[in-house]
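I have placed the structure first, in the form of structure tokens, so that the comments after it can refer back to it.
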Protein chains: 2
Amino acid sequence: MAEEGKIRREAATAAPGALGYRPLYRQAKEILLKRLAEGVWQPGQALPSEPELASDLGVSPGTVRKALDEMTAENLLVRRQGRGTFVARHDEARILFQFFKLVSDAGERRFPESRLLRLEAAKADAAAAGRLRIPQGAPVAAIERVRLLEDCPRVHEWIVVPGSLFPGLASRADLPNNLYELYASAYGVTIARATERLKAVAAGPRQAELLETERGHPLLAIDRLAFAVDGTPAEWRLSLCRTDAFHYASELR
Amino acid sequence: MAEEGKIRREAATAAPGALGYRPLYRQAKEILLKRLAEGVWQPGQALPSEPELASDLGVSPGTVRKALDEMTAENLLVRRQGRGTFVARHDEARILFQFFKLVSDAGERRFPESRLLRLEAAKADAAAAGRLRIPQGAPVAAIERVRLLEDCPRVHEWIVVPGSLFPGLASRADLPNNLYELYASAYGVTIARATERLKAVAAGPRQAELLETERGHPLLAIDRLAFAVDGTPAEWRLSLCRTDAFHYASELR
DNA sequence: TAGTGGTCTAGACCACCAT
DNA sequence: TGGTGGTCTAGACCACTAG
């Protein structure tokens with residue numbers, strides 16, 4: 001193993017303006033991220049205290065704090081004053097806050113129910129392979145489901161995940177509503193962030209049937225690519241949504 | 001005037017758990033925000049150095065730094081190492097980064113051209129009054145325009161702003177493409193953040209004509225409410241977009 | 001009461017920029 | 001060369017939680 005323990009200071013030795021210089025707190029963060037990706041600390045568990053981490057990594061508490069601050073801002077950690085710093089869990093509250101942007105026009109956010117239509121092992125087609133950055137034909141698990149908002153079918157959803165990250169997922173007997181929680185607890189894959197591309201499209205015959213509307217009805221298409229803590233693309237998801245009484249909420253800061 | 005100069009420490013005197021306790025750095029930030037809203041420092045100008053601000057506010061440099069850090073994270077300030085801290089300008093780069101989320105499917109971000117259709121003084125209808133939190137019938141300026149992406153008409157846009165914030169805007173001879181820059185330079189109103197609600201809708205006859213498509217074509221409706229530095233709703237904007245070769249990019253972090 | 005994170009301070013040194 | 005922001009350290013004290 002190369003750099004597993006304490007941080008080797010690069011600052012003092014590197015030439016001024018040298019490439020590859022990184023602040024200590026980023027090096028500290030990198031080590032913590034690595035441990036997070038390796039599952040050294042499980043979701044919901046407390047990390048060691050700040051002074052402990054500091055002496056462990058060989059830096060001052062203030063430096064560790066800055067690393068933890070960034071990871072907290074990225075929703076990877078949760079700090080609770082007087083209790084400790086915890087690995088963020090993919091509970092419904094977090095998913096509603098970070099990933100699920102559909103809100104009723106009245107302003108209510110609720111976690112959607114799911115009705116599973118299909119779950120099978122397959123091979124990545126060109127589109128999925130390109131998005132997930134895996135070879136075409138590589139094994140994947142494919143999920144098709146309808147999601148209910150306030151008891152009405154409003155979202156038709158396809159999900160493709162790499163078989164290498166989620167072995168056996170396609171043959172599970174049951175699939176929970178909250179997939180990100182499953183990814184983390186059963187496969188050790190923590191979704192850290194995602195990018196979404198939105199378009200307006202017309203409903204095809206399948207959406208018309210499943211979402212109880214007519215062909216050509218305008219739907220919001222959400223094409224999401226979700227990334228694990230280490231940056232690996234871990235899930236591709238395409239959601240077609242009726243937005244008659246709901247909208248996608250976006251904050252521009 | 002109550003608290004204009006130095007910060008009155010609340011921490012030591014307030015009872016433990018007392019309501020209304022705020023950290024020093026937030027009080028410092030509040031004062032800086034107020035000065036920003038009052039136009040004490042103009043967009044593009046440099047703020048005083050950190051030690052200067054610290055002695056000015058009567059706190060330590062580290063405390064000022066934390067306030068500046070937050071304001072930088074909110075895109076209100078820009079720090080340039082070795083040069084100083086500057087008030088963020090609404091140049092095209094910032095708007096593309098912070099507010100304009102339409103991207104070509106190839107991944108290119110470009111600032112859209114505008115073709116003005118209408119500019120007039122009007123009275124706020126119920127919808128505009130509700131969104132802008134002004135009385136119904138209050139004077140507003142209304143703008144209607146078409147925006148071009150890669151030389152093709154792709155967005156049909158209505159904009160309503162309160163007449164009280166932008167006196168005389170409706171009778172301007174010319175209207176620049178970049179409105180936020182105009183708001184800041186001509187009226188001292190800096191847009192700090194916005195919320196958007198997205199829906200898929202069908203094109204009406206007017207959109208069909210303006211956007212060179214047929215009625216019923218699916219369009220992405222973006223309903224944006226933009227807020228000034230002090231939190232006042234300053235602009236309501238409804239954009240209907242063809243997303244055939246473009247998409248709305250959203251980052252979930 | 002002990003332990004945690006949160007705030008605040010003070011100062012040293014580094015990296016970057018303008019001159 | 002001088003001034004700026006960026007990083008790093010060390011320590012004091014406050015606020016919150018648990019036992």
Side-chain angles (χ1 to χ4, degrees), chain A residues 6-32 41 45-73 76-88, chain B residues 6-32 41 45-73 76-88:
Chain A
K6 299 202 178 190
I7 293 175
R8 197 184 316 251
R9 265 171 192 66
E10 305 168 353
T13 56
L19 291 171
Y21 163 75
R22 288 164 309 147
L24 270 187
Y25 74 89
R26 286 213 181 270
Q27 299 176 52
K29 181 182 171 187
E30 208 156 285
I31 292 179
L32 296 175
W41 304 299
Q45 280 188 353
L47 268 59
S49 75
E50 295 181 358
E52 270 181 274
L53 282 174
S55 80
D56 176 17
L57 298 174
V59 296
S60 83
T63 302
V64 164
R65 165 167 285 268
K66 191 151 182 176
L68 295 180
D69 279 345
E70 285 200 356
M71 294 170 73
T72 301
L76 297 173
L77 302 176
V78 177
R79 318 184 85 144
R80 286 183 243 176
Q81 190 175 35
R83 297 194 52 199
T85 302
F86 299 79
V87 181
Chain B
K6 298 200 177 189
I7 294 174
R8 198 185 316 254
R9 267 170 192 67
E10 305 168 353
T13 56
L19 290 173
Y21 164 75
R22 287 164 310 145
L24 268 187
Y25 74 89
R26 285 210 182 273
Q27 300 175 51
K29 181 181 171 186
E30 209 158 284
I31 292 179
L32 296 175
W41 303 300
Q45 280 188 351
L47 267 60
S49 74
E50 295 181 358
E52 269 182 274
L53 282 174
S55 79
D56 176 16
L57 298 174
V59 297
S60 83
T63 302
V64 164
R65 166 167 283 269
K66 191 152 182 176
L68 295 180
D69 279 346
E70 285 199 356
M71 294 170 72
T72 301
L76 296 173
L77 302 176
V78 177
R79 317 185 85 143
R80 286 183 244 176
Q81 192 174 31
R83 297 194 51 199
T85 302
F86 300 78
V87 181

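Throughout, protein chains are lettered first and strands after them, A, B, ... in sequence-line order, and every chain is numbered starting at 1. These figures come from a predicted structure and were not determined experimentally.
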For this session: Work out which heavy atom in A/L77 is nearest to a heavy atom in A/V87; give both atom names and the distance.
Result: CD2-CA, 4.1 Å

Seminar exercise, completed: Closest to the side chain of A/E50, out of C/dG5, D/dT9, C/dA10, is C/dG5

Exercise. Quick one: A/L53 CG to D/dT9 P, roughly how many Å, whole number?
Worked result: 14 Å

Problem set entry | CG-OG1 distance between B/L68 and B/T63, expressed to the nearest 0.5 angstrom | 11.0 Å

Exercise. What are the two closest heavy atoms between B/W41 and B/Q45, and how far apart are they?
Worked result: CA-OE1, 3.8 Å

Exercise. Does A/K66 reach the side chain of A/K29, with side-chain heavy atoms less than 4.5 Å apart?
Worked result: no

For this session: Ignoring backbone atoms, test whether B/K66 places a side-chain nitrogen or oxygen under 4.0 Å from the OP1 or OP2 oxygen of C/dT7.
Result: yes

Exercise. Looking at residues 79-88 of chain B, who's got a heavy atom less than 4.0 Å off DNA chain C?
Worked result: B/Q81, B/G82, B/R83

Exercise. Nearest to the side chain of A/S49, which nucleotide is it out of D/dG5, D/dT9, C/dG5?
Worked result: C/dG5

Exercise. Can you tell me how far P of D/dT4 sits from CG of B/L77, to the nearest Å?
Worked result: 17 Å

Seminar exercise, completed: Of all heavy-atom pairs linking A/V64 and A/A54, the shortest is CG2-CA, 3.5 Å

Exercise. Quick one: side-chain contact (heavy atoms from CB on, under 4.5 Å) partners of B/P23, sequence neighbours excluded?
Worked result: B/Y21, B/Y25, B/R26

For this session: Taking salt bridge (charged side-chain N to carboxylate O under 4.0 Å, His left out) as the test, write out the residues that go with B/R79, two or more places apart.
Result: B/E50, B/D69

For this session: Give the nucleotide from the list C/dT9, C/dG5, D/dT7 with an atom nearest to the side chain of B/T63.
Result: C/dT9

For this session: For A/R22 and C/dA15, give me the distance from atom CZ to atom C1', rounded to whole Å.
Result: 17 Å

Problem set entry | All side-chain contact (heavy atoms from CB on, under 4.5 Å) counterparts of A/E52, not counting sequence neighbours | A/P48, A/S49

Exercise. Could you state the CG-P distance from A/L68 to D/dC8, rounded to the nearest angstrom?
Worked result: 14 Å

Problem set entry | Separation of C/dT7 C1' from B/D69 CG (nearest whole Å) | 14 Å

Seminar exercise, completed: Against the side chain of B/E52, the closest entry in D/dG5, D/dT4, C/dC8 is D/dT4

Exercise. Counting only side-chain N and O atoms of A/Y25, is one of them less than 4.0 Å from OP1 or OP2 of D/dC8?
Worked result: no

Seminar exercise, completed: Listed range with range, the stems formed with DNA chain D by at least 3 consecutive Watson-Crick or G-U pairs (under 3.5 Å) are C:1-18 with D:1-18

Seminar exercise, completed: Hits for side-chain contact (heavy atoms from CB on, under 4.5 Å) against A/Q81, two or more places apart or cross-chain, chain-then-number order -> none

